Amino acid sequence: MSMAPRPPIPELIPESAPFTPEQRTWLNGFFAGVLSLDGAGVKPLSPAESAALGLPGMTAPASDGDDGESPWHDQTLPLGERMKLAEGRPLRRRMMAAMAQQDCGQCGYNCQDYSEALFSKKEARLNLCVPGGKETARMLKTLYQELDSAPSPAPTTEAKPADATAAAAGKPGSSRANPAEATFLSRTRLNKKGSAKETWHIEFDLAESGIEYQVGDAFGLFPTNDPALADAVIAALDAPADFPIGGRALRDVLIDGVSLGPAPDMLFQLFSYITSGERRQKAKALAAGEDPDGDAATLDVLAAIQKFAGLRPEPEAFIEALDPLQPRLYSIASSPKVDANRIALTVDTVRYKIDSRTRLGVASTFLADRIAPGDTLKVYVQKAQAFALPTDPNVPIIMIGPGTGVAPFCAFLYERMATKAPGRNWLFFGHQRSNYDFFYEDELAGMKAARVLTRLTLAWSRDGDQKIYVQDRMREVGRDLWAWIAEGAHVYVCGDAKHMAKDVERALIDVVATYGVRTVNDAVAFVAELKKTGRYQQDVY
Ligand SMILES: Cc1cc2nc3c(=O)[nH]c(=O)nc-3n(C[C@H](O)[C@H](O)[C@H](O)COP(=O)(O)OP(=O)(O)OC[C@H]3O[C@@H](n4cnc5c(N)ncnc54)[C@H](O)[C@@H]3O)c2cc1C
Ligand SMILES: NC(=O)c1ccc[n+]([C@@H]2O[C@H](COP(=O)([O-])OP(=O)(O)OC[C@H]3O[C@@H](n4cnc5c(N)ncnc54)[C@H](OP(=O)(O)O)[C@@H]3O)[C@@H](O)[C@H]2O)c1
């Protein structure tokens, strides 16, 4: 591997600062050291230090003997591995390991706070972790059984559900427990005709909502199911659409009250009670998380009813067996500094076929197909935990956001434009094909012309024979990337959690190792330190 020469100590103290050249040289060296820009080793913060900084995923040593480390706090690890890493830990820590580790806030908490809330019995719902799905719910159910027999020292950190805080604050629109109403304004397709993707720029009017947000926050919204799917479920159940459930018609509850996505274990349990023989065995196996026919992953609620065709559960028991319909979160793509009454999102539409039926992502198709301009819906702002512009407007930023990951970076750029922030801004965007999937091409060109967007680096994965991803471009321009980082740039990543985020981090480590002239181990520690000091922030899903 060819090594680039070690970069000089960066000029962090401007020429105009009131120092002699000697003082400036000394201060540059001092700050480079403080920022870990010089010297190979980076000493990681201790859990207590991290907790003191309020950084996610860490907690101070606890009275139950736990050291506060969360080695499982990595959304790319499968559940089995996460649970292994948590083996021997107190129950509340194993509960945390069962979460999907995205700290996405969809449950109304972060992963740690949700587990602390379950452990302290302030929260009883075991099925709130959307990215963890059935796997997490099942593991939590198993762990929950230990709860009554477990010694119960007070949790070290007070669980802070966003819900409770907002309810106390009484501010509508500031949590999923306390939504406000917004008006749907418009949708504009971001891909050109011929694209394999369907992505929409969505706008809402917040004028009547009282909602306030900041760039980096996410927008939560309560979607409804496709009425045609609710009707198909009613037909498969052979139940009257107006059957009363808690004072409402069955059809209405199926549209806005329950999830018609993956069939929950409880539904198979219900089926097992009202059938017999081989079908009962199958329903019991499915309820236990087994896959007797190899089709478990394809069984949404309708497919599950069809699999057990002819069973006619009581509509109330049926509804009781389903999961509640959860809100969905979207990164905010606008800045309130431009227009505090408007909010924009970038939404990829989820549609896929299993057998002959097209399955619809609830919220994304609600936004793409079913909501009309002028309609109102329940919404809230999910405050970002650690995803925000640097407080110093002079600090340069590097934003890596392929696909819908570009959304918060549009917000960042608008904000920096509106506030005339002098810091430089570098965006890595990528998608499938340049002719069809160049989201916000005109806006980004305008920002470049206005010198708000200092640099735009593009990666098209399906333009040529070889896939080019954002991380490939990062390696190509590694020298410049390192120079920005050495000058104190903050690095942001948004988009796919499962693969992209990990691959981008790997690329960043390579860049730091190559151009920062470090061993791989030191580069890993350097990037970990960037994370711990809030200079490497992720909004991934
Ligand atoms: C903090 C945060 C920010 C987010 N920001 C954005 C954003 O800016 N833009 C955006 O588009 N999304 C964003 N998301 C994701 C978003 O919240 C939803 O998860 C997404 O829109 C899908 O929701 P849905 O209701 O349409 O689909 P759902 O009804 O939830 O269905 C999605 C599920 O369908 C299944 N599925 C999807 N495709 C296939 C397939 N091909 N084959 C088999 N199964 C499949 C998967 O199990 C998937 O989990 C964000 C999520 C979080 C947590
Ligand atoms: N579960 C998954 O496996 C998966 C994967 C991707 C996205 N998603 C989800 O799909 C939704 C919308 O996605 P989106 O519209 O934002 O776009 P996207 O599907 O994430 O694609 C955006 C771009 O990223 C590329 N890409 C794929 N794998 C990558 C990787 N490992 N590293 C870097 N880039 C990679 C894609 O290339 P190609 O498509 O040509 O490979 C495409 O050019 C999100 O909710 C996301 O989480 C899920």
Side-chain angles (χ1 to χ4, degrees), residues 75-76 100 102-107 110 129-135 190-191 195-202 216-226 229 259-262 297-298 300 325-333 344-354 358-369 382-385 387 400-411 428-434 436-439 458-463 466-474 493-507 538-541:
Q75 72 265 358
T76 60
Q102 289 189 16
D103 278 334
C104 63
Q106 288 180 96
C107 58
N110 62 33
C129 180
V130 175
K134 283 168 68 164
E135 228 188 7
L190 289 169
N191 338 78
S195 171
K197 297 289 270 188
E198 181 192 332
T199 314
W200 296 92
H201 176 79
I202 304 279
D217 291 344
F219 197 53
L221 54 89
F222 288 80
T224 53
N225 288 313
D226 179 17
L229 179 60
S259 166
L260 299 180
T298 69
D300 67 354
L325 183 56
Q326 304 249 32
R328 302 291 193 272
L329 288 176
Y330 294 93
S331 308
I332 294 172
L345 314 174
T346 309
V347 179
D348 182 58
T349 314
V350 175
R351 298 182 211 270
Y352 55 97
K353 226 172 181 164
I354 293 182
T358 300
R359 308 285 173 96
L360 305 178
V362 179
S364 57
T365 62
F366 170 77
L367 294 168
D369 302 336
Q382 175 74 46
K383 281 270 149 234
Q385 298 222 24
F387 196 77
I400 301 151
T404 52
V406 75
F409 304 138
C410 290
F428 287 79
F429 174 70
H431 215 324
Q432 293 185 353
R433 291 184 291 166
S434 53
Y436 303 98
D437 305 306
F438 196 163
F439 300 169
L458 301 165
W460 304 109
S461 58
R462 303 194 193 184
D463 267 0
Q466 251 193 326
K467 290 220 177 201
I468 306 282
Y469 286 157
V470 281
Q471 59 270 26
D472 301 316
R473 295 288 187 227
M474 288 169 67
V493 183
C494 180
D496 174 54
K498 284 271 174 274
H499 306 285
M500 185 276 294
K502 202 75 187 166
D503 294 348
V504 162
E505 186 168 337
R506 182 76 247 174
Q538 294 177 306
D539 173 23
V540 293
Y541 42 88

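Atoms within each ligand, like the ligands themselves, are counted from 1 in listed order. If you're wondering where the values come from, they're calculated on a predicted model, not measured in any experiment.
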Enquirer: Could you work out, with ring pair (Phe, Tyr, Trp, His ring centres under 6.0 Å) as the rule, every residue matching Tyr541, not counting sequence neighbours?
Expert: none
Enquirer: Do side-chain atoms of Asp463 reach the backbone of Ser434 as a donor and acceptor pair under 3.5 angstrom?
Expert: yes
Enquirer: List, ordered by chain and residue number, the protein residues whose closest non-hydrogen atom lies under 4.0 Å from any atom of ligand 2.
Expert: Lys197, Asp348, Pro402, Gly403, Thr404, His431, Gln432, Ser461, Arg462, Lys467, Tyr469, Gln471, Asp496, His499, Met500, Asp503, Tyr541
Enquirer: Less than 4.5 Å apart, any side-chain heavy atom of Arg473 and any of Leu458?
Expert: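 When only atoms from C-beta onward are counted, Leu458 and Arg473 do not touch, as no gap falls below 4.5 Å.
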Enquirer: Take atom CD of Gln432 as the centre, draw a 6.0 Å sphere, and report whether it contains more than 12 heavy atoms from other residues, nucleotides or ligands.
Expert: yes
Enquirer: Can you name the residues that come within less than 4.0 Å of ligand 1, going by heavy atoms only?
Expert: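 Shell around ligand 1 (4.0 Å, heavy atoms): Cys104, Gln106, Arg328, Leu329, Tyr330, Ser331, Thr346, Val347, Asp348, Val350, Tyr352, Gly361, Val362, Ala363, Ser364, Thr404, Asp539, Tyr541.
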Enquirer: Do you know the tightest heavy-atom contact between Ala497 and Thr76?
Expert: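 Smallest heavy-atom distance, with atoms named: O-CG2, 3.7 Å.
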Enquirer: With side chains defined as the heavy atoms from C-beta onward, is the minimum distance between Leu367 and Thr349 less than 4.5 Å?
Expert: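 Side chain of Leu367 against side chain of Thr349, heavy atoms only: no contact under 4.5 Å found.
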Enquirer: Given Arg351 and Asp369, is the salt bridge (charged side-chain N to carboxylate O under 4.0 Å, His left out) satisfied, shown in steps?
Expert: CA-CA 12 Å; Arg351 298 182 211 270; Asp369 302 336; 2.9 Å; yes
Enquirer: Quick one: list whatever passes ring pair (Phe, Tyr, Trp, His ring centres under 6.0 Å) with Phe438, sequence neighbours left out.
Expert: Trp460
Enquirer: Should the pair Asp217-Lys383 be classified as a salt bridge under the 4.0 Å nitrogen-to-oxygen rule?
Expert: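 So Asp217 pairs with Lys383 through a salt bridge.
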